[in-house]
Amino acid sequence: MKEKLVEQAYEIAKERYAQIGVNTDEVLEKLSKVSLSLHCWQADDVSGFESLGEDLSGGIQTTGNYPGKARNISELRQDILKAAEYIPGTHRLNLHATYGDFNGEKVDRDEIEPKHFLSWMQWAKQNNMKLDFNSTSFSHPKSGNLTLSSSDESVRRFWIEHTKRCRKIADAIGEFQQDPCIMNIWIHDGSKDLTVNRMLYRELLTKSLDEIFETKYANMKDCLESKLFGIGLESYTVGSSDYYTAYAAKHGKIITLDTGHFHPTEIIADKLSAMLLFVPEVMLHVSRPVRWDSDHVTIINDEVQELCHEIVRCDAMDRVHIGLDYFDASINRIGAYVIGSRATLKCMTMALLEPIALLRKYEAEERFFERLALLEECKSLPWNAVWDMYCLRSGVPVGESYISSIEKYEADVTSKR
Ligand code: RNT
Ligand code: ZN
């Protein structure tokens, strides 16, 4: 019954979109190529599997204590696969260096090796997923306020070693999966109060990065993530947006844009066309900042819609990687993955359904009333019928029907942890 309704609605939508020059079958085809990089850290509140016993630090915070978080590697894998059952398409998993398969052994950050991630590579392959990677400089006794930009040479060397090893691991992953592993560098380095040696720490960071990037790898790509500020580090961030934009443009690195890392009224959609002219690719961390970089679950909002529209309008689907980055510990964590992933994919659906040829024509002819009118009308065209069809064809639940399935998984599995 439901399938029939989805099919009927799709047929109507198909005709309706054809009237404005959009082919929905082609849109479904393009949609199936959109691959999200799911952040592994939503499943366990950014805890990881080290035996160092450190709490989350680095100016980021998870709030909430909803029961059932993944406590070990097998629970985390199980939860990720569960979430993937409700997300149409083929997706990637984004690992942090602290999520290695350490087997209870104490392996410090400057000791990690590809072998600690071998079981992840195998697991990902079995489950038709590709992996991405992140160095982890927070939640460690040597994290402090400064890592790669520390003026304490032993601290700086420790984090250089860690980051170099991470690149090596990312390359091994990329080689194993026959697809480049994208490795993100985000460091929290900064200070709480007025800082007078701003230049010094940026010089040190530059020195560290230059050394880290000396080795060239064929199977991994580097990206750099800036931030406005972290909690307890409000006055100065070494790796600011200007800093990394300049560094990435100069050295041909990928820029990571996190939707929570800019001034509250600044939206990152406009940055895509600016950056893509000077950096090779862009990685996104789609999140939802509420008053600060709170990492609430991604929903359909103006920011994510604009962002997806810009990816399509820039014809940059192959140069923009869509990663998610949020950690809400106050609701069902698998549900959080599914809500955010589906919201992002829904925004991509809307973006792909835009009658871009007609809009561009209006713009070129300076018919701005027509452009605005059509943009507004697009918001209420039956994009949801196309989305539902995508879910149906992908074999994942259509509409809200996934809610009860996740409740069941909670009753059967996560509530018993
Ligand atoms: C922190 C950054 C960073 C982290 C992850 C865990 O503000 O957004 O990307 O969220 O590395
Ligand atoms: Zn981020």
Side-chain angles (χ1 to χ4, degrees), residues 36-50 54-63 69-70 76 80 92-100 109 131-140 143 145 147-148 159 162-163 166 169-170 181-190 222-234 236-241 243-244 248 254-264 266 268 271 282-298 303-304 307 320-329 333 336-337 340 344:
L36 303 177
S37 190
L38 292 176
H39 54 314
C40 75
W41 49 94
Q42 164 60 47
D44 73 338
D45 311 340
V46 210
S47 305
F49 310 127
E50 288 179 325
E54 285 289 307
D55 286 338
L56 186 59
S57 72
I60 54 176
Q61 203 165 30
T62 52
T63 51
K69 84 172 195 180
L76 189 120
I80 303 267
R92 305 171 71 91
L93 182 68
N94 200 4
L95 290 178
H96 246 284
T98 41
Y99 286 73
R109 304 265 173 99
L131 298 172
D132 291 318
F133 203 65
N134 297 259
S135 55
T136 318
S137 57
F138 52 85
S139 309
H140 184 278
S143 293
N145 286 346
T147 61
L148 288 177
W159 293 112
H162 168 69
T163 318
C166 286
I169 292 165
C181 172
I182 303 189
M183 193 193 119
N184 187 48
I185 298 181
W186 169 72
I187 55 168
H188 56 274
D189 293 32
D222 300 292
C223 48
L224 297 164
E225 180 181 9
S226 70
K227 186 162 176 169
L228 188 60
F229 75 93
I231 297 181
L233 304 163
E234 291 87 354
Y236 170 65
T237 301
V238 185
S240 62
S241 176
Y243 175 85
Y244 281 133
I254 301 177
I255 274 286
T256 299
L257 296 171
D258 185 311
T259 54
H261 288 194
F262 295 86
H263 281 280
E266 188 176 5
I268 67 171
K271 299 181 190 302
V282 165
M283 168 58 108
L284 299 174
H285 276 188
V286 188
S287 186
R288 177 166 52 111
V290 176
R291 307 199 187 280
W292 64 288
D293 180 31
S294 60
D295 289 291
H296 278 64
V297 178
T298 299
E303 165 123 53
V304 183
L307 189 53
V320 177
H321 309 276
I322 312 175
L324 302 180
D325 183 14
Y326 50 82
F327 21 96
D328 189 337
R333 292 173 183 78
Y337 270 126
T344 307

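Start at 1 and go down the list; that is how both ligands and their atoms are numbered.
Exactly one of Thr147, Asn145, Asp189 qualifies for a side chain to side chain contact (heavy atoms under 4.5 Å, CB included) with Val238. That residue is Asp189.
Checked by atom type, the side-chain pair Asn184/Asp132 shows no donor-acceptor distance below 3.5 Å. If you check the side chains of Asp295 and Ser287, you find a donor sitting under 3.5 Å from an acceptor.
Residues passing the ring-ring contact (aromatic ring centres under 6.0 Å, His included) test with Tyr244, sequence neighbours excluded: none. Listed by chain and residue number, Asp45, Val46, Leu56, Phe327, Ala329 satisfy the side chain to side chain contact (heavy atoms under 4.5 Å, CB included) test with Thr62 (two or more places apart in sequence, or in another chain).
Side-chain contact between Phe262 and Ser241: present, with at least one pair of heavy atoms (C-beta onward) separated by less than 4.5 Å.
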Ligand-protein N/O pairs under 3.5 Å (ligand 1):
from, atom 1, to, atom 2, distance (Å)
ligand 1, 7 (O), Lys227, NZ, 2.7
ligand 1, 7 (O), His261, NE2, 2.9
ligand 1, 7 (O), Asp293, OD2, 3.3
ligand 1, 8 (O), Glu225, OE2, 3.0
ligand 1, 8 (O), Asp258, OD2, 2.9
ligand 1, 8 (O), His261, NE2, 3.0
ligand 1, 8 (O), Asp325, OD2, 2.7
ligand 1, 9 (O), Glu225, OE1, 2.7
ligand 1, 9 (O), Glu225, OE2, 3.1
ligand 1, 9 (O), His285, ND1, 3.2
ligand 1, 9 (O), Asp325, OD2, 3.0
ligand 1, 10 (O), Asp325, OD1, 3.0
ligand 1, 10 (O), Asp325, OD2, 2.7
ligand 1, 11 (O), His96, NE2, 2.6

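A tilted orientation is assigned to the rings of Phe138 and Trp186, their planes being inclined by 30° to 60°. Between Trp41 and His39, the angle of the ring planes goes over 60°, which puts this pair in the perpendicular group of the 30/60° scheme.
Rounding to the nearest 0.5 Å places CE of Met283 at 12.5 Å from CD1 of Ile255.
Excluding water, every protein N/O/S atom under 2.8 Å from the Zn ion (ligand 2) is given here by residue and atom: Glu225 OE2, Asp258 OD2, His285 ND1, Asp325 OD2.
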